[in-house]
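Remarks on the structure that follows.
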Amino acid sequence: SLRSGPLNHENFYISFPHERVVQVTINRPKKLNCIDKTTSREIAKIWELFDEDESLWVAIITGVGRAFCTGADQEVDFFSSINKDVDGKH
């Protein structure tokens, strides 16, 4: 269950502003909330758990600071690693 899992992660946190709402807040304001591969995978797991939880009707994703999210973290080879995952080559 999404409610029973950890609420604080390295680069985002989870809250429940209403009994039927889950909110994921990306918390990397110094990097304009860009997403690295690990964070992307962790958030994907959150969406899977959201899909399985019939008590939750709405999911919100937001970011701390002046930017919601500027995309992939360019300081790591994000796209190359995603392509490897898609192609099945690790």
Side-chain angles (χ1 to χ4, degrees):
S1 161
L2 191 52
R3 294 179 197 271
S4 64
L7 298 180
N8 294 308
H9 298 261
E10 182 177 355
N11 294 319
F12 68 95
Y13 58 90
I14 300 167
S15 60
F16 299 91
H18 184 274
E19 67 180 271
R20 300 214 176 263
V21 178
V22 61
Q23 180 170 310
V24 175
T25 304
I26 304 167
N27 192 18
R28 295 183 80 194
K30 291 181 181 177
K31 294 201 150 239
L32 300 177
N33 295 318
C34 63
I35 303 290
D36 60 17
K37 183 177 177 180
T38 300
T39 302
S40 177
R41 286 182 175 162
E42 290 174 341
I43 291 175
K45 289 177 188 175
I46 300 304
W47 300 143
E48 290 172 13
L49 291 171
F50 169 74
D51 285 342
E52 296 169 2
D53 191 333
E54 293 182 14
S55 73
L56 294 170
W57 294 357
V58 176
I60 300 167
I61 186 165
T62 187
V64 172
R66 67 183 178 100
F68 155 64
C69 178
T70 56
D73 188 343
Q74 297 299 305
E75 289 188 15
V76 296
D77 197 359
F78 184 85
F79 292 110
S80 174
S81 60
I82 285 180
N83 290 336
K84 287 180 186 175
D85 286 346
V86 171
D87 294 339
K89 301 171 188 169
H90 297 294

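No hydrogens, no waters, no symmetry mates; every other heavy atom, side chains included, goes into these values. Everything numeric in this text was worked out from a predicted model, so none of it was measured.
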Minimum heavy-atom separation for [X] to [Y], with atom names?
| X | Y | value |
| --- | --- | --- |
| Phe12 | Val24 | CD1-CG1, 3.7 Å |
| Pro29 | Gly65 | CB-CA, 4.4 Å |
| Ser55 | Arg20 | O-NH1, 3.0 Å |
| Ile35 | Cys69 | CG1-SG, 3.7 Å |
| Asn8 | Tyr13 | OD1-CB, 3.5 Å |

Would a hydrophobic clustering, with Ile, Leu, Val, Met, Phe, Trp and Tyr connected at side-chain separations under 4.5 Å, put Ile43 with Leu49?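 Yes, it is one cluster - the side chains of Ile43 and Leu49 are joined through contacts under 4.5 Å.
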Flag yes if Phe16 and Val21 sit in one hydrophobic cluster, no otherwise; membership is Ile, Leu, Val, Met, Phe, Trp, Tyr, and two members link when side-chain heavy atoms are under 4.5 Å apart.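 No.
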How long is the span from the [atom1] atom in [X] to the [atom2] atom in [Y], to the nearest 0.5 Å?
| X | Y | atom1 | atom2 | result |
| --- | --- | --- | --- | --- |
| Leu7 | Thr25 | CG | OG1 | 11.0 Å |
| Ile26 | Lys31 | CD1 | NZ | 14.0 Å |
| Ile46 | Leu2 | CD1 | CG | 5.5 Å |
| Asp36 | Arg41 | CG | CZ | 10.5 Å |

Donor-acceptor check, side chain of [X] to backbone of [Y], threshold 3.5 angstrom: yes or no?
| X | Y | value |
| --- | --- | --- |
| Ser1 | Arg3 | yes |
| His9 | Asn11 | no |
| Asn33 | Arg28 | yes |

Please work out whether the ring planes of Trp47 and Phe50 are parallel, tilted or perpendicular, with thresholds of 30° and 60°. perpendicular
